[in-house]
> 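Before I ask anything, here is the structure I am working with.
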Amino acid sequence: MDKNTATEKNTTIIKNATCTFCGCVCDDMELTVDLDEKCIIKSKNACVLGKAWFSEHSVDESRPVALIDGKEASLEDAIEEAAQILVNARFPIIYGLSDTTSEAQRQAVAMADYLSANIDSTSSVCHGPTGMGLQGVGEPTTTLGEVKNRADMVVYWGCNPTDCHPRLSTHFTVMPKGMYIPNGRKDRTVINVDIRSTSTTNIADLFVQLKPGSDYELLSALRSISRGRRLNPSIEEQTGVPMATIEDVAHRLMSCNYGILFFGMGLTMTRGRHYNTGALHLLAADLNEHTHFVVKPARGHGNVTGADTVMSWQTGYPFGVNFNRGYPRHEPGEFTTTDILVRGEADAACIIASDPIANFARPAIEHLKKIPVISFDPKPTPTSQIARVALTTACYGINVPGTVYRMDDIPIPLRPAFESPFPSDLDILKPLTERIRELKAH
Amino acid sequence: MTETMILVPMRTTKQGTTLNAGKLKDAYKETTSTAEIKQEDMDRLGLKKGDRVRLRVGTHAVVVSCIPRKIKVTDNSSGLIFMPYGPTTSALMVDGDTAGTGMPASKHLVVEIEGPLAPEEDDG
Amino acid sequence: MSSTLRIVNGKVYDPANDIDGQVRDVCILDGKIVDSVPEDAPTIDAHGMVVMPGGVDIHCHIAGSKVNLARKFQPEDHRYDPHPGTEYTRSGSGGVVPSTFATGYRYATMGYTTAMEAAVPPLSARHVLEELEDTPIIDKGYYVLMGNNSMLHQLLEKGRMEEFREAVAWWVKATKAYTIKLVNPGADEMWKGKKNANITALDQKIHAFDLTPRKVIKALIDVANDLGLPHPAHIHCNNLGHSGNYETTLETMRTAEGRRVHITHIQFHSYGGEVGKNPVSAARAISDFVNDNPNISADVGQVMFGKSVSMTADAPLAWMLRHVKERKWINADTECESGCGIIPFEYQQHVYTHTLQWAIGLELFLMAKDPWRMVLSTDHPNGGSFLNYPRLIRLLMDRDFRNQEATRVNQKAIGKTSLPDLTREYSMQEIAIVTRAGPARLLGLKNKGHLGVGADADITIYDEMDNKEEMFNAARFVIKDGHLFIKNHEFCADHSGRIFHIAPEYDKSIENEIRSFFDDYYSVQFDNYPVSDTHVHNTEVIANIPVT
């Protein structure tokens with residue numbers, strides 16, 4: 001081997017790779033992969049979050065594939081231990097699923113079915129209330145390409161895509177030129193509605209600041225105007241938004257050619273929750289009497305939409321599903337994970353590709369710490385630290401092929417960059433499900 | 001000095017990049033334990049950039065550092081504290097009630113803010 | 001499980017092979033029908049029973065993005081109708097839009113072994129294929145939406161017919177679809193681009209394109225024929241649901257100029273009267289045209305009273321229905337390809353229009369001279385759930401039952417139809433045609449819908465009963481690919497079924513042009529769009545037919 005090749009890296013380039021960090025699921029990544037070091041050294045087209053996603057998912061081969069009670073264990077022993085925990089539980093729960101492939105999600109629902117378990121995704125603490133709004137009033141919506149091609153009005157309400165979905169505006173919705181938007185940004189109006197100024201406000205033509213917790217009132221006021229009704233002047237006091245601004249916004253929404261309302265946790269995590277999202281869906285529906293108007297939740301994790309989608313086709317319900325009676329039942333508040341934990345009902349938990357210990361409400365975390373937990377994650381997390389069985393997995397999109405559903409329900413294929421020595425979620429869920437079926441049969 | 005304010009957990013680019021690096025690493029812990037407060041509120045409370053403050057909900061409290069909010073477009077966010085989601089904000093979500101939705105009230109936490117703290121004061 | 005089986009003593013109905021109720025053996029070896037099996041092969045004694053090929057549904061909405069939205073937004077639809085699992089089968093939920101598992105098992109329970117999902121935007125191809133994989137027992141496939149495709153519109157308006165044909169072939173192959181579907185051609189551009197307008201006539205200009213629906217329809221009928229697709233262009237005509245729309249339907253059929261075409265849920269397109277006023281029946285005019293033109297086939301799209309869901313790529317239609325009763329409504333635009341609307345609905349006997357629709361569907365069945373070309377569907381779940389098929393069969397086979405039902409509906413509407421004068425009763429053989437042999441032949445599925453040597457051993461055995469609704473409600477035995485899955489009304493095994501698709505050849509040079517269109521107007525990368533062969537399992541490519 002001569003000097004040159006010895007120092008040259010064994011690299012390969014993956015074109016049209018998919019970033020699964022956020023719900024944008026950008027599929028135009030060009031990854032330069034160091035095959036010897038098993039890491040991605042360059043990710044062209046990625047945003048700042050995507051670059052971190054790709055660069056920080058090198059493989060640490062020194063990590064054990066599994067820990068049982070903090071001690072290194074074989075994958076087989078870990079699967080056996082996990083199966084025993086789940087089969088012996090009276091109220092096992094399966095939770096997470098937003099950062100894994102739809103193939104693994106399908107297997108997880110199968111496992112829940114055979115186990116008569118409860119299954120729920122991170123949707124329930126994310127856009128779960130959006131799903132409830134949908135169940136209540138429906139939803140006029142679209143794929144992102146139609147926004148690029150047609151939307152001359154883009155509203156960001158209670159969300160901050162510039163920080164959380166950096167390429168949403170630059171790649172899909174605001175900056176690009178489209179079929180009927182020949183001049184890109186110049187042909188669009190951007191309105192930002194929020195309780196605070198954010199980096200998204202910087203790209204908006206109009207910033208509407210409302211008082212915290214008054215979204216429902218402001219949405220209702222806009223609906224009233226679109227239906228030709230007069231507003232009670234008290235709306236200014238309730239929302240903190242001047243009447244002239246409300247009327248201006250309503251007029252702009254009604255007179256555009258193709259409008260879209262993106263929204264985020266500012267509506268789902270605050271007072272009103274599904275009433276807020278329902279009101280927003282109805283505002284868009286009402287605006288269709290004047291023009292074409294759609295909505296789109298700016299969804300977070302790479303395949304959280306897939307979790308809703310898969311659970312809906314397999315069970316009829318998007319999240320918060322319980323198989324205890326041998327068939328699926330759905331009830332937010334009853335079969336959603338936070339509630340089950342806060343009430344102290346679950347006696348075992350299988351957490352797949354998510355980290356509830358880092359972001360659940362305190363009483364839920366306290367109960368989770370009391371019961372046996374099985375965790376699936378490529379990295380150590382607060383949840384894996386408290387797990388009875390902690391499994392190290394390969395990372396979807398980086399090591400694992402499959403399908404993910406973008407925030408607009410479009411299925412996108414994954415092109416893995418390099419192989420991981422660790423199993424995928426699906427690689428574990430399949431034998432785990434089989435073992436559970438065996439144990440249940442006896 | 002002590003005052004009642006509203007804590008709004010949120011996401012930031014830094015929170016996103018540091019969680020990719022690892023949630024057990026210092027950078028993630030630091031950014032998810034840093035409260036952003038409007039300059040005028042900082043002034044009123046006698047806080048300087050980097051000062052430590054205690055945030056309390058009922059009997060539960062955390063100690064975090066605070067920085068003034070940096071925004072380009074001015075707003076009226078007086079009385080609001082912003083901090084990236086993470087274990088610290090979770091520790092202040094003491095009410096697990098979801099009003100029958102599955103979703104705890106996560107973005108509107110009424111907290112008591114106390115500070116600046118002396119360096120030796122412990123968490124909690 | 002044995003790979004041989006002999007069914008003895010049953011009355012066999014196999015219209016494709018002119019077997020009309022004779023008692024004879026049916027032999028099975030390795031998933032296929034054969035002449036004979038060894039003497040010691042396991043047998044099913046079908047004495048007192050009727051043996052038919054497994055049912056084939058030519059048009060239903062059972063999987064994919066719009067179906068799943070309809071599932072997701074109607075928890076109330078599932079809650080009263082759980083579908084428990086068994087030792088062999090997965091659980092699910094029922095209602096008018098069941099979960100995938102419940103869909104497969106419930107079709108099988110009725111004796112159906114093949115069903116085709118009728119409308120999917122190409123961009124959602126992976127989604128529908130993944131759902132179809134999770135739809136057990138039955139074989140299936142799907143039709144891909146092409147009638148509102150912006151790139152194809154561009155090629156057509158420039159008259160680039162060769163490129164148009166290559167692009168269509170690329171699209172069908174890339175998405176692993178079964179045939180070309182048109183839904184309200186031209187309307188999506190009006191809907192999305194012109195503040196929710198709609199197409200009202202075949203020669204109207206499609207907003208932003210120098211093009212008319214007629215040109216789109218003609219071009220796609222021609223391409224399907226020129227490519228030799230096993231099933232021709234499958235058309236949901238313009239003006240669905242509007243009074244007076246039968247003229248649009250006739251014009252659409254004339255546009256085929258004698259070439260093969262399938263008009264779907266033709267009942268919804270057989271209304272006389274003036275736009276905006278109450279419809280009247282135009283079943284006679286439509287039926288006469290179909291009877292006289294052997295190039296035309298249709299499925300009825302019968303309306304059945306009770307709960308339904310209007311789910312359609314015809315977004316303006318759903319918007320119109322939203323104004324009938326302001327209910328929850330979904331609209332879903334797909335970039336460059338499609339629209340979609342979903343509305344929960346209920347057909348009520350006392351309502352004039354609903355009764356009229358019900359009666360028109362029955363008129364179309366009873367006036368059809370060639371049942372091979374006027375086959376059974378409810379456009380599930382648009383006209384009602386597929387679980388209504390047994391009841392519909394009874395309406396066709398049992399005149400007394402039909403007359404009795406006709407006394408319970410809106411009499412003013414019935415008076416405007418010829419239903420009371422139609423005395424025809426379908427024979428068992430004719431039912432076998434409209435539910436199996438006919439749809440299989442129209443689909444070009446040579447191994448389905450009959451029991452001749454070489455056919456797939458998809459067989460249903462019903463108890464022979466006077467009440468045909470009860471009879472067809474639950475098969476006693478169901479055999480799929482030679483294996484017994486339902487035995488004495490109970491599941492005794494599980495099965496994943498196959499996915500049928502076609503793979504027409506095309507000139508590769510068209511890809512560069514499509515790629516450039518994608519770069520400009522799509523939100524996904526061209527290279528990530530085609531569904532790879534490894535993505536779906538248990539697929540079978542159905543070969544093209546000789547071009548006529």
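Basis for what follows: all heavy atoms, side chains included, without hydrogens, waters or symmetry-related copies. A, B, ... follow the sequence lines: proteins, then strands. Residue 1 opens every chain.
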> Is C/Asn528 in contact with chain A via its backbone, its side chain, both, or neither, using a 4.5 Å heavy-atom distance?
both
> Identify, with sequence neighbours excluded, every residue that meets side-chain hydrogen bond (donor to acceptor under 3.5 Å, both in side chains) alongside A/Thr130.
A/His127
> What part of A/His281 lies closer than 4.5 angstrom to a heavy atom of chain C: side chain, backbone, both or neither?
neither
> Applying salt bridge (Lys or Arg N to Asp or Glu O under 4.0 Å), run through A/Glu331 and C/Arg79 and close with a yes or a no.
CA-CA 10 Å; A/Glu331 190 65 78; C/Arg79 188 160 191 124; 3.3 Å; yes
> Below 4.5 Å from any heavy atom of chain A, which atoms of C/His83 appear? Answer side chain, backbone, both or neither.
backbone
> Could you walk me through whether C/Glu130 and A/Trp313 satisfy the side-chain contact (heavy atoms from CB on, under 4.5 Å) test, starting with their C-alpha distance in whole Å, then the side-chain angles of each, then the deciding distance to 0.1 Å, before giving a yes or no?
CA-CA 10 Å; C/Glu130 290 186 2; A/Trp313 89 53; 3.5 Å; yes
> Answer with yes or no whether the side chains of C/Ser523 and A/Arg406 bring together a donor and an acceptor at under 3.5 Å.
yes
> Measuring heavy-atom distances to chain A, does C/Trp191 have an atom under 4.5 Å in its side chain, in its backbone, in both, or in neither?
both
> Sort A/Cys26 into side chain, backbone, both or neither according to what part of it lies under 4.5 angstrom from a heavy atom of chain C.
neither
> Is it the case that the side chain of C/His78 and the backbone of A/Gly316 share a donor-acceptor pair, with hydrogens and angles ignored and the cut-off at 3.5 Å?
yes
> Could you look at A/Arg437 and say if it's the side chain, the backbone, both or neither that has a heavy atom under 4.5 Å from chain C?
side chain
> Heavy atoms, side chains only, cut-off 4.5 Å: are C/His323 and A/Glu289 in contact?
yes
> With a 4.5 angstrom heavy-atom cut-off, could you sort out which part of C/Asp81 is near chain A: side chain, backbone, both or neither?
neither
> When only heavy atoms count and the cut-off is under 4.5 Å, which of residues 327-337 of chain C reach chain A?
C/Lys328, C/Trp329, C/Ile330, C/Asn331, C/Ala332, C/Asp333, C/Thr334, C/Glu335, C/Cys336
> Not counting sequence neighbours, which residues clear side-chain hydrogen bond (donor to acceptor under 3.5 Å, both in side chains) with A/Asn324? List them please.
none
> Going by atom types only, do C/Gln525 and A/Asp28 share a side-chain donor-acceptor pair under 3.5 Å?
no
> With a 4.5 angstrom heavy-atom cut-off, is it the side chain or the backbone of C/Tyr521 that approaches chain A, or both, or neither?
both
> Is it the side chain or the backbone of A/Asp27 that comes within 4.5 Å of chain C heavy atoms, both, or neither?
both
> Would you mind checking which part of C/Thr86 comes under 4.5 Å of any heavy atom in chain A, side chain (CB onward), backbone (N, CA, C, O), both or neither?
neither
> For A/Thr141, which residues count as a side-chain hydrogen bond (donor to acceptor under 3.5 Å, both in side chains) partner, sequence neighbours excluded?
A/Lys296
> Answer with side chain, backbone, both or neither: which region of A/Thr315 has an atom nearer than 4.5 Å to a non-hydrogen atom of chain C?
backbone
